[in-house]
Amino acid sequence: MIKTTITESLKKAIEEIFKLSDTEPSVVESPNKQFGDYSTQVAFQLAKILKNDPKKIASDIKNALEGNNNFEKIEVVGGYINFFLKNEFYHKEIEKVYSEGKEFAKLKHLSEEKILVEYVSSNPTGPMVIVNGRAAALGDSFVRILNMRGYNAISEFYINDGGNQVFLLGISCNEVYKKLNGMPYEIPENGYHGSYIEDFVKLIIGKTDLSKMDDEARSNYLGTEGVKYFHTMQIKSLKNFNVKFDSEIHERIIREEGLTEYVIETLRDKNLLYEKDGATFFKSSDFGDDKDRAIIKSNGEYTYLLPDAAYHEDKIRRNFEYLIDIFGPDHHGYVKRLRAIFEALGHNPDKLEILIHQIVNLINEGGKIKMSKRKGTIITLDDLLEDVGKDAARFFFVMRKKNSHLDFDLKLAKEKSENNPVFYVQYAHARIASIIDFAGSKGIRLNGYVNFSLLNEEKEIELIKVILLFPDILDDVIRMREPAILPKYLIDLASTFHSFYNKHRVITDDKELSLARLALVQCVKNTIKVGLNLIGVNAPDKM
RNA sequence: GCCCCUGUAGCUCAGUGGAUAGAGCACCGGUUUCCUAAACCGGGUGCCGCAAGUUCAAUUCUUGCCAGGGGCACCA
């Protein structure tokens with residue numbers, strides 16, 4: 001919010017002096033205190049356009065801004081312009097933050113554009129695994145932050161319950177059924193081998209008599225029931241992970257509504273399909289894909305792409321104007337063909353954004369834990385939650401940028417120590433709660449006028465600055481599509497608070513000062529709480 | 001072979017065109033008659049993987065190479 005204020009002043013000054021209306025001066029926090037609070041190197045950019053010395057340009061801008069009473073002083077060093085803000089400016093700003101409470105970073109109706117964010121969408125053929133947790137944490141946090149900043153975003157889970165996977169699940173379950181009944185059995189190579197299959201079949205056997213069904217009927221039954229069972233299990237895991245979806249869509253329904261046929265007909269009308277070796281291919285290479293892709297196999301079944309195209313068609317028909325898909329790294333090769341078919345259906349490909357996050361390695365005692373879903377050696381999201389807890393898991397999953405390979409250190413996540421950033425941030429919150437309690441016991445309560453102009457200590461001004469950054473941080477998350485920026489900020493905020501706390505007492509004999517400091521830490525507390533909640537982490541009052 | 005991601009301090013990572021490249025951990029030392037010591041304060045570290053190019057300015061952008069990880073289906 002401060003940067004915007006300075007940027008606006010700069011733009012006005014530049015327009016007045018140089019008659020340039022389309023410059024976007026970038027304002028940054030000064031790397032060093034000697035360079036003030038904020039700086040801009042706009043003079044370097046203008047030097048080129050104006051063919052003039054950056055130092056001259058910088059001092060012209062400085063002169064034009066001298067009348068602005070937010071600034072204590074403005075310095076020109078080299079071509080840089082450094083802004084030193086008055087404490088009164090910070091006092092005014094923190095007063096606004098304080099009066100708005102937990103809503104201070106909330107924007108209403110910035111954009112009416114309807115955004116749909118799809119993530120996880122794992123096959124309902126087994127439990128949630130670790131990498132799903134990363135997608136879930138990223139997606140859920142991102143949607144919360146979008147809505148916090150005035151965007152109109154909805155989260156959605158797509159259930160692949162219409163295709164070959166269900167069939168394979170049924171066959172696999174049926175073979176396991178035979179195994180449990182002492183009959184000869186053979187689970188197909190590409191089927192499901194995890195021990196969770198056996199758990200499910202045992203459960204069904206306890207409820208339903210499967211013995212009178214033939215293999216086909218039993219497979220179908222187990223496939224259908226299995227999908228329901230595993231989907232319910234997945235949603236429950238996600239709920240324990242503090243992830244909830246605004247909407248769930250079934251592939252089965254998309255197919256029943258005839259949208260797959262619509263896709264085929266539309267592409268055929270546009271002459272974008274052809275037959276080869278008995279299969280039907282979509283000319284995705286016309287839209288930038290490396291090669292054409294099959295959408296109907298030679299046995300008549302659809303490949304994954306076709307119903308998924310239908311699903312994206314459905315999103316548009318439900319009047320979503322901007323689509324974001326969050327995929328795991330194993331789907332990156334799929335991006336081009338999905339965008340291709342989306343465009344072929346007549347939609348603007350710029351309205352479909354696909355974010356890819358990278359893998360998760362579980363690290364324990366310094367070593368990687370290897371997993372394979374096919375072989376059934378998996379660690380589930382439930383296992384992880386039971387081991388390290390929801391808060392640590394949520395924090396760790398968004399702590400790294402989505403493009404980095406996340407090494408999830410199980411030992412660290414469980415540590416209740418300074419090494420563990422989740423505890424560090426939560427501790428700041430609990431500490432403030434405790435201060436507020438203590439103040440109450442001394443009869444000091446926030447319920448009226450607060451004189452913020454008493455806050456002039458270096459640590460106090462620092463803390464105000466960091467609080468004021470919060471809305472900018474949320475906007476950075478959105479602009480960069482990078483939730484990781486938020487946990488990093490919260491660590492900074494907690495650190496700045498702890499530093500302040502150790503230097504200054506909040507509650508002293510000076511009642512007016514105590515109230516001002518109490519209001520300040522109340523703002524910190526609100527910011528931490530709101531920030532943690534945006535990444536699905538609790539902010540306890542006691543630890 | 002092709003595609004994607006990554007390479008920054010001993011370790012884990014910030015830093016997506018600007019000033020002297022930053023945190024945390026680890027290591028050493030200090031701080032509690034006082035609101036939570038799960039905290040704070042001080043101490044030093046870098047061929048920013050390598051090499052060219054673009055730029056007034058490159059850790060940041062481009063290209064090539066090297067190293068690690070992941071993916072290349074009529075699976076999803």
Side-chain angles (χ1 to χ4, degrees), chain A residues 26 28 30-32 34-35 39-45 47-48 54 77-80 82 121-123 125 160 163-165 168 190 251 276-281 290-291 293-305 307-308 328-336 356-359 361 363 366 368 399-407 409 412 415-428 430-442 444 480 482 484-485 488-489 491-492 494-495 497-508 514 517-518 521 542-543:
Chain A
S26 74
V28 298
S30 301
N32 189 314
Q34 73 183 94
F35 301 132
S39 316
T40 181
Q41 11 77 358
V42 69
F44 290 101
Q45 294 157 1
K48 200 167 186 182
V77 182
Y80 295 93
N82 299 327
S121 296
S122 55
N123 289 330
T125 53
N160 305 123
N164 194 38
Q165 294 308 304
L168 267 177
N190 57 352
E251 176 186 348
K276 195 178 97 183
D277 305 328
T280 303
F281 281 75
D290 307 328
K291 58 179 183 180
R293 306 291 171 174
I295 60 166
I296 305 176
K297 304 183 209 172
S298 51
N299 67 5
E301 279 172 18
Y302 300 154
T303 67
Y304 181 72
L305 182 59
D308 207 20
D330 51 332
H331 280 62
H332 94 262
Y334 183 74
V335 171
K336 277 184 184 171
I356 304 284
H357 67 81
Q358 296 300 317
I359 57 163
N361 296 313
I363 307 288
K368 272 188 200 178
M399 193 166 59
R400 300 282 176 248
K401 289 183 300 180
K402 63 184 183 306
N403 267 346
S404 60
H405 299 192
L406 172 63
D407 284 343
D409 188 330
L412 177 62
E415 247 172 70
K416 293 191 191 323
S417 79
E418 57 194 355
N419 302 355
N420 188 335
V422 191
F423 284 91
Y424 184 78
V425 175
Q426 288 179 323
Y427 182 64
R431 208 175 211 185
I432 295 168
S434 167
I435 295 170
I436 293 168
D437 279 352
F438 178 80
S441 76
K442 298 272 177 194
I444 298 173
M480 316 273 286
E482 199 63 89
I485 295 168
K488 186 177 163 14
Y489 165 77
I491 294 168
D492 281 350
S495 167
F497 163 73
H498 286 310
S499 179
F500 157 80
Y501 173 89
N502 273 275
K503 181 123 192 231
H504 303 287
R505 277 189 68 85
V506 175
I507 305 306
T508 59
S514 298
R517 287 184 174 161
L518 196 59
V521 299
K542 284 202 163 53
M543 287 176 75

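Below, chains carry the letters A, B, ... as their sequence lines are ordered, and counting in each starts from 1. Everything numeric here is computed off the predicted structure, so don't read it as measured data.
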Student: Considering every strand and a 4.0 Å limit on heavy-atom distances, what is the contact class for A:Gln34: base, sugar-phosphate, or nothing?
Tutor: base
Student: Measuring from atom NE2 of A:His405 to atom CG of A:Asn361, what distance do you get when rounded to the nearest 0.5 angstrom?
Tutor: 8.5 Å
Student: Assign A:Met399 to base, sugar-phosphate, or nothing according to its heavy-atom contacts below 4.0 angstrom with the strands shown.
Tutor: nothing
Student: If you check the A:Lys401 side chain, which of B:A38, B:A14, B:A76 turns out closest?
Tutor: B:A14
Student: Return the nearest nucleotide to the side chain of A:Asp407; candidates are B:C75, B:C35, B:C13.
Tutor: B:C13
Student: Report the residues that fulfil salt bridge (charged side-chain N to carboxylate O under 4.0 Å, His left out) with A:Lys442, sequence neighbours left out, ordered by chain and then residue number.
Tutor: none
Student: Under 4.0 Å from OP1 or OP2 of B:A37: is there any side-chain N or O of A:Arg431 that close?
Tutor: yes
Student: When you measure from the side chain of A:Lys291, which nucleotide among B:A39, B:G71, B:A73 comes out closest?
Tutor: B:A73
Student: Which one, B:C35, B:G70, B:A19, comes nearest to the side chain of A:Asn82?
Tutor: B:A19
Student: Apply the syn/anti split at 90° from 0 to B:U32 and say which one it is.
Tutor: syn
Student: Do A:Ser39 and B:A19 share a donor-acceptor pair, side chain to base, under 3.5 Å?
Tutor: yes
Student: Determine the contact category for A:Arg293: base if any of its heavy atoms lies under 4.0 Å from a base atom, sugar-phosphate if only primed atoms, P, OP1 or OP2 are that close, otherwise nothing.
Tutor: nothing
Student: Mark yes or no for a side-chain to base donor-acceptor pair under 3.5 Å between A:Ser298 and B:C74, with no hydrogen or angle criteria applied.
Tutor: yes
Student: Go through B:C13, B:A76, B:C5 for me and flag the one nearest to the A:Asn403 side chain.
Tutor: B:C5
Student: Nearest 0.5 Å, please: how far is OG in A:Ser404 from CD1 in A:Ile359?
Tutor: 10.0 Å
Student: Would you kindly check whether a donor in the side chain of A:Asp492 faces an acceptor in the base of B:A14, or vice versa, at under 3.5 angstrom?
Tutor: no
Student: Search all heavy atoms of A:Pro307 against all heavy atoms of A:Tyr302 and return the closest pair with its distance.
Tutor: CD-CB, 4.0 Å
Student: Please determine, for the side chain of A:Pro31, which listed nucleotide (B:A39, B:A19, B:A14) has the closest atom?
Tutor: B:A19
Student: Scan A:Ile507 against the nucleic acid and name what it touches under 4.0 Å (heavy atoms): base, sugar-phosphate only, or nothing.
Tutor: base
Student: Can A:Arg293 be said to sit on top of A:Phe281's aromatic six-ring, NZ or CZ under 6.0 Å from centre and within 45° of the ring axis?
Tutor: no
Student: From C-beta outward on A:His498, which listed nucleotide comes closest to its side chain: B:C13, B:A39, B:C5?
Tutor: B:A39
Student: By the 4.0 Å heavy-atom rule, please label A:Tyr302 as base, sugar-phosphate, or nothing.
Tutor: sugar-phosphate
Student: Would one find a side-chain N or O of A:Ser499 under 4.0 angstrom from OP1 or OP2 of B:C41?
Tutor: yes
Student: With a non-hydrogen cut-off below 4.0 angstrom, is A:Lys542 in contact with a base, only sugar-phosphate, or nothing?
Tutor: base
Student: Using a 4.0 Å heavy-atom cut-off, does A:Asp409 contact any base of the nucleic acid, only the sugar-phosphate backbone, or nothing at all?
Tutor: nothing
Student: Choose from B:C56, B:C13, B:C75 the nucleotide whose nearest atom is closest to any side-chain atom of A:Lys48.
Tutor: B:C56
Student: How far does NZ of A:Lys276 sit from OG of A:Ser298, to the nearest 0.5 angstrom?
Tutor: 12.0 Å
Student: Output the single nucleotide from B:A76, B:G69, B:C40 whose closest atom is nearest the side chain of A:Gln165.
Tutor: B:A76
Student: Between atom CG of A:Asp308 and atom OG1 of A:Thr303, what is the distance when rounded to the nearest 0.5 Å?
Tutor: 9.5 Å
Student: What about A:His332: does its side chain form a donor-acceptor pair under 3.5 Å with the base of B:C3?
Tutor: yes
Student: When you get a sec, tell me which of B:C35, B:C74, B:A14 is the closest nucleotide to the side chain of A:Lys297?
Tutor: B:C74
Student: So what does A:His504 touch, heavy atoms closer than 4.0 Å: a base, only the sugar-phosphate, or nothing?
Tutor: base
Student: Which ranges of RNA chain B pair up as stems, where a stem means three or more consecutive Watson-Crick or G-U pairs with both distances under 3.5 Å?
Tutor: B:1-7 with B:66-72, B:10-13 with B:22-25, B:27-31 with B:39-43, B:49-53 with B:61-65
